[in-house]
S.K.: 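Take this structure, written in C-alpha cells, and hold onto it; I'll ask about it next.
Since this is a predicted model, take the numbers as computed values, not measurements.
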Amino acid sequence: MDTVENKDDEKITENTAAIEAYLKTDSAGSQAVKDTSGLYYIKRLSNPSGQLAKRGDAATIKYTAYLLDGTKVISSSDNNKTDFTFPVEGYLYWTGIERGIFLMKTGEKATLLLPYYLASGNTDKVNIPAYSPIRLEMEFVKTRTEVQQIDDFLAAKQFKVSERTADNLVIVRSNTVTGDTIGSGKAVNIKYVGKLLNDTKFDEGTFSFVTGTNSAVPGFDRAIRKMRKTEKAIIIFPSALGYGKNGNRSILPYSPLQFEIEVLP
C-alpha cells in the first residue's frame, strides 16, 4: 500500500510539472488559474449573463480531451453525438468535469488541465495511459433543472395534463373512469412501463403492492392513490419522488421519470 501511495504522490508531482510546462507553450497560459483540487483552467470565451450549474441540474457540454502531447483521446462528438449531458454532482464521470462545470456559465468555453486523479486515474484505459494528465477543451452549452426537463418533455409530447401537484407529480390520464380513487392502504396490481424522459425504457412488467406502505417510490405510489381501477395514465415525477441523488441501476442520479401505467381490475 505504501508503494502505491508513494507512486501516486510521485505522479502528482510529475503531472503538476507537466501541466505547468504545457502552460508555457500556450499563448494564454499565463492566465491559467489553479483551484484547490489541482485543476488548472483558462477561460477562452466568457458569457457574464450565462447561467450557473446547480446540484441536480442536467448540464450539457461539448468536450474533447487530449494528452498533453496533443493526442486526442476522447470527445463528446464520438459515436455521432455532438454533446454530452450529465447530472451535476452525480459523481459518475471524471472529477475534473464535475468541478469544471462550476467554474463556467452557459455559453462559455474553457481549457481545463487535469492531473490524472481528476481525469482517467491511475490505471490504463482505452487510449489513455495510467497517470496521464489531460487537456480538456470544454463548452458549457446549457443547464436545465428537473422542472424544466419535465416541462420540455410535456411540451414535446403535447400531453394534456390532468393533474399536477406542487412538487411536480404530473398525471396525464388516457381514459375516463368514474368512482372513488384508490387511496391509501389498498392492494393493487399495476401494469407499467418505466422510461427516462428521453424515452429510454429501463423496466416493465406488473407490480402488486399495498398503497401507502413505502413499497414503491413516492411518485409512483402517490400517483396510483389518485387513480381508479382500470384507469390508464402516464405519470411523470422528479427524482425527489423517485430515486434521488443515488439513482438505481440504469437510472442516473437526479433523473425525472415517466411511467405508462394501467391499474388492473
S.K.: Answer with yes or no after comparing the ring centroid distance for Phe102 and Phe140 against a 6.0 Å cut-off, counting only values under it.
M.R.: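 Judged by ring-centre distance (under 6.0 Å), Phe102 and Phe140 do not meet the cut-off.
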S.K.: Rounded to the nearest 0.5 Å, how far does CD1 of Ile235 lie from CZ of Arg173?
M.R.: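 One gets 11.0 Å once the value is rounded to the nearest 0.5 Å.
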S.K.: If you draw a 6.0 Å radius around NZ in Lys43, do more than 12 non-hydrogen atoms from other residues or ligands fall strictly inside?
M.R.: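 Enclosed: over 12 neighbouring heavy atoms sit under 6.0 Å from NZ of Lys43.
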S.K.: To the nearest 0.5 Å, tell me how far Tyr22 OH sits from Asp69 CG.
M.R.: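 Atom-to-atom, Tyr22:OH and Asp69:CG are 10.5 Å apart.
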S.K.: Tell me whether Ser76 contacts the main-chain N or O of Tyr63 through its side chain, where contact means a donor paired with an acceptor under 3.5 Å.
M.R.: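 Yes: the side chain of Ser76 pairs with the backbone of Tyr63.
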S.K.: So among Glu204, Glu260, Gln258, which one has a side chain to side chain donor-acceptor pair (under 3.5 Å) with Lys195?
M.R.: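 Among Glu204, Glu260, Gln258, the one meeting side chain to side chain donor-acceptor pair (under 3.5 Å) with Lys195 is Glu260.
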S.K.: State, with a plain yes or no, whether a side-chain heavy atom of Ser239 is found less than 4.5 Å away from one of Glu146.
M.R.: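 Yes, close enough: below the 4.5 Å cut-off.
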S.K.: Consider only side-chain heavy atoms of I, L, V, M, F, W and Y, link residues closer than 4.5 Å, and tell whether Phe159 and Leu169 are in one cluster.
M.R.: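 The answer is no; the residues belong to distinct hydrophobic clusters.
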S.K.: Hey, is the main chain of Lys191 close enough, under 3.5 Å, to the side chain of Thr206 for a donor-acceptor pair?
M.R.: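 Flag not set: sc Thr206 to bb Lys191 has no pair under 3.5 Å.
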S.K.: Quick one: NZ on Lys72 to OG1 on Thr64, what's the gap to the nearest 0.5 Å?
M.R.: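 Here the interatomic distance stands at 5.5 Å.
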S.K.: Any side-chain to backbone donor/acceptor pair from Asn175 onto Thr230? Under 3.5 Å, distance only.
M.R.: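 Yes, Asn175 side chain to Thr230 backbone: donor-acceptor pair under 3.5 Å.
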S.K.: Can you find a pair of side-chain heavy atoms, one from Glu262 and one from Ile190, that are under 4.5 Å apart?
M.R.: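 A side-chain contact is absent here, since even the closest heavy-atom pair is not under 4.5 Å.
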S.K.: Between Ile182 and Ile224, does a side chain to side chain contact (heavy atoms under 4.5 Å, CB included) hold up when you go through it step by step?
M.R.: CA-CA 7 Å; Ile182 291 169; Ile224 297 302; 4.0 Å; yes
S.K.: Run the numbers on Ile74 and Tyr66 for side chain to side chain contact (heavy atoms under 4.5 Å, CB included), then give the verdict.
M.R.: CA-CA 7 Å; Ile74 192 170; Tyr66 303 86; over 6 Å; no
S.K.: Would Asp167 and Arg222 pass as an ion pair if we require N to O under 4.0 Å?
M.R.: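 Yes, this pair counts.
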S.K.: Between Asp152 and Lys142, is there a side-chain N and carboxylate O pair less than 4.0 Å apart?
M.R.: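 The answer is no: the pair does not qualify as a salt bridge.
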S.K.: Please confirm whether the ring centroid of Tyr243 lies under 6.0 Å from the ring centroid of Tyr254.
M.R.: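 Centroid separation for Tyr243 and Tyr254: 6.0 Å or greater.
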S.K.: Restricting to non-hydrogen atoms, name the atom on Gly242 and the atom on Val217 that form the minimum distance, rounded to 0.1 Å.
M.R.: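 Taking every non-hydrogen atom into account, O-CG1, 3.8 Å.
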S.K.: Below 4.5 Å, heavy atoms only, C-beta onward: do Val170 and Arg164 meet side chain to side chain?
M.R.: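 Counting from C-beta outward, Val170 and Arg164 do come under 4.5 Å.
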S.K.: Do Phe220 and Phe209 come within less than 4.5 Å of each other through their side chains, counting heavy atoms only?
M.R.: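 Yes, at least one pair of side-chain atoms sits under 4.5 Å.
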S.K.: Does any part of the side chain of Tyr40, heavy atoms only, come nearer than 4.5 Å to the side chain of Thr16, both counted from C-beta?
M.R.: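 Thr16 reaches Tyr40 side chain to side chain.
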S.K.: Is it the case that more than 12 heavy atoms not belonging to Lys105 sit under 6.0 Å from its NZ atom?
M.R.: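 Correct, the count exceeds 12.
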S.K.: So, the side chain of Arg228 versus the backbone of Gly179: is there a donor-acceptor pair under 3.5 Å, distance only?
M.R.: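 Side chain of Arg228 to backbone of Gly179, a donor-acceptor pair under 3.5 Å: yes, one is there.
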S.K.: Determine yes or no for a side-chain-to-main-chain donor-acceptor pair under 3.5 angstrom, with Thr106 supplying the side chain and Gln51 the backbone.
M.R.: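 Indeed, once roles are kept as given, a pair shorter than 3.5 Å links the two residues.
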S.K.: Donor-acceptor check, side chain of Lys125 to backbone of Ser120, threshold 3.5 angstrom: yes or no?
M.R.: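 Checked: pair present.
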S.K.: Any side-chain heavy-atom pair from Ile150 and Leu197 closer than 4.5 angstrom?
M.R.: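 Yes, at least one pair of side-chain atoms sits under 4.5 Å.
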S.K.: Is it the case that over 12 heavy atoms from other parts of the model lie below 6.0 angstrom from the CG atom of Asp180?
M.R.: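 Open.
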S.K.: List the atom of Gly90, the atom of Pro253, and the distance in Å for their closest heavy-atom pair.
M.R.: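 Heavy-atom minimum between the residues: O-CG, 3.9 Å.
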S.K.: In the single-linkage hydrophobic clustering (I, L, V, M, F, W, Y; side-chain heavy atoms under 4.5 Å), do Ile128 and Phe84 co-cluster?
M.R.: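 As far as the 4.5 Å side-chain criterion goes, Phe84 and Ile128 are connected within one cluster.
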S.K.: When you compare the side chain of Leu103 with that of Leu39, does any pair of heavy atoms fall below 4.5 Å?
M.R.: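 They are in contact (side-chain heavy atoms under 4.5 Å apart), so the answer is yes.
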S.K.: Would Lys11 pass as a cation-pi partner of Tyr131, given that its NZ or CZ must be under 6.0 Å from the six-membered ring centre and within 45 degrees of the axis?
M.R.: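 Yes, Lys11 sits over the ring of Tyr131.
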S.K.: Which heavy-atom pair separates Leu45 from Gly107 by the least distance, and what is that distance?
M.R.: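 So the minimum-distance heavy-atom pair works out to CD2-O, 3.6 Å.
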S.K.: What closest approach, in Å, do Gly100 and Leu112 show between heavy atoms, and which atom pair accounts for it?
M.R.: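 Nearest pair, atom of Gly100 first, then Leu112: CA-CD1, 3.9 Å.
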S.K.: Got a salt bridge between Asp199 and Lys157, using NZ or NE/NH1/NH2 to carboxylate O under 4.0 Å?
M.R.: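 A salt bridge links Asp199 with Lys157.
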S.K.: What distance do Ile97 atom CD1 and Leu118 atom CG have between them, rounded to the nearest 0.5 Å?
M.R.: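 Reported value, rounded in 0.5 Å steps: 11.0 Å.
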S.K.: In Å and rounded to the nearest 0.5 Å, what is the CD1 to CG distance from Ile134 to Leu68?
M.R.: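 Separation between the atoms: 7.0 Å.
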S.K.: Please evaluate residues Leu23 and Ile42 with respect to the criterion side chain to side chain contact (heavy atoms under 4.5 Å, CB included), reporting the C-alpha separation (whole Å), side-chain torsions for both, the decisive distance (0.1 Å), and the verdict.
M.R.: CA-CA 10 Å; Leu23 288 172; Ile42 303 169; 3.9 Å; yes
S.K.: Considering only NZ, NE, NH1 and NH2 on the basic side and carboxylate oxygens on the acidic side, decide whether Lys226 and Glu163 come within less than 4.0 Å.
M.R.: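 Counted as a salt bridge, because a side-chain N and a carboxylate O are separated by less than 4.0 Å.
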S.K.: Would you find a donor on one side and an acceptor on the other, under 3.5 Å apart, between the side chain of Asp221 and the backbone of Pro218?
M.R.: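 Pair absent, no side-chain N/O of Asp221 close to backbone of Pro218.
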S.K.: Does the side chain of Thr111 pick up a donor-acceptor pair with the side chain of Arg44 at under 3.5 Å?
M.R.: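 Looking only at side-chain atoms, Arg44 and Thr111 do form a donor-acceptor pair, the distance falling under 3.5 Å.
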S.K.: Identify the heavy atoms of Arg144 and Gln149 that sit nearest to each other, and give their distance.
M.R.: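 For Arg144 versus Gln149, the nearest heavy atoms are O-NE2, 3.4 Å.
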S.K.: Verify whether one side chain among Thr60 and Thr85 offers a donor that lies under 3.5 Å from an acceptor in the other.
M.R.: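 On atom types as modelled, these side chains qualify, holding a pair under 3.5 Å.
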S.K.: Just by distance, with hydrogens left out, do Asn47 and Ser49 show a side-chain donor and acceptor under 3.5 Å apart?
M.R.: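 Yes, a side-chain donor-acceptor pair sits under 3.5 Å.
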S.K.: Report the distance from atom OG of Ser162 to atom CE of Met227, rounding to the nearest 0.5 Å.
M.R.: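 So the OG of Ser162 and the CE of Met227 are separated by 9.5 Å.
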S.K.: With the threshold set at 4.0 Å, does a side-chain nitrogen-carboxylate oxygen contact exist between Arg135 and Asp26?
M.R.: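 Salt bridge: no.
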S.K.: Do Arg99 and Ser37 pair up side chain to side chain, a donor and an acceptor below 3.5 Å, judged on atom types alone?
M.R.: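 Per modelled atom types, Arg99 and Ser37 side chains form a pair under 3.5 Å.
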S.K.: When clusters are formed by joining ILVMFWY residues with side-chain heavy atoms under 4.5 Å apart, either directly or through shared neighbours, do Phe153 and Val193 land in the same one?
M.R.: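 No; Val193 is not reachable from Phe153 via cluster members.
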S.K.: Between Asp124 and Ala130, what is the shortest heavy-atom contact and its length?
M.R.: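 So the two residues come closest at OD1-N, 2.7 Å.
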S.K.: Indicate yes or no: at least one non-hydrogen side-chain atom of Lys229 is less than 4.5 angstrom from one of Pro265.
M.R.: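 SC-SC contact between Lys229 and Pro265 ruled out.
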S.K.: Spell out, yes or no, whether Leu241 and Phe207 are grouped together once hydrophobic residues are joined by side-chain heavy atoms under 4.5 Å, including indirect joins.
M.R.: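 Hydrophobic grouping puts Leu241 with Phe207.
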S.K.: Answer with yes or no whether the hydrophobic clustering places Met104 together with Tyr41; edges join I, L, V, M, F, W, Y residues whose side-chain heavy atoms lie under 4.5 Å apart.
M.R.: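 In one cluster with Met104: Tyr41, yes.
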S.K.: Judged by atom type as modelled, is there a donor-acceptor pair below 3.5 Å linking the side chain of Thr200 to the main-chain atoms of Leu196?
M.R.: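 Side chain of Thr200 to backbone of Leu196: no pair is present.
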S.K.: Keeping the roles fixed (side chain from Asn168, backbone from Phe237), state whether a donor-acceptor pair exists under 3.5 Å.
M.R.: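 Checking the backbone N and O of Phe237 against the side chain of Asn168, no donor-acceptor pair under 3.5 Å is found.
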S.K.: Check step by step if side chain to side chain contact (heavy atoms under 4.5 Å, CB included) holds for Leu114 and Trp94.
M.R.: CA-CA 10 Å; Leu114 312 176; Trp94 287 0; 4.1 Å; yes
S.K.: So does Ala155 get a backbone contact from the side chain of Gln158, meaning a donor-acceptor N/O pair under 3.5 Å?
M.R.: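 No, because the side chain of Gln158 does not come within donor-acceptor range (under 3.5 Å) of the backbone of Ala155.
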S.K.: Assess the side chains of Gln148 and Asp57: does a donor N or O sit below 3.5 Å from an acceptor N or O?
M.R.: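 Absent: no donor and acceptor within the cut-off.
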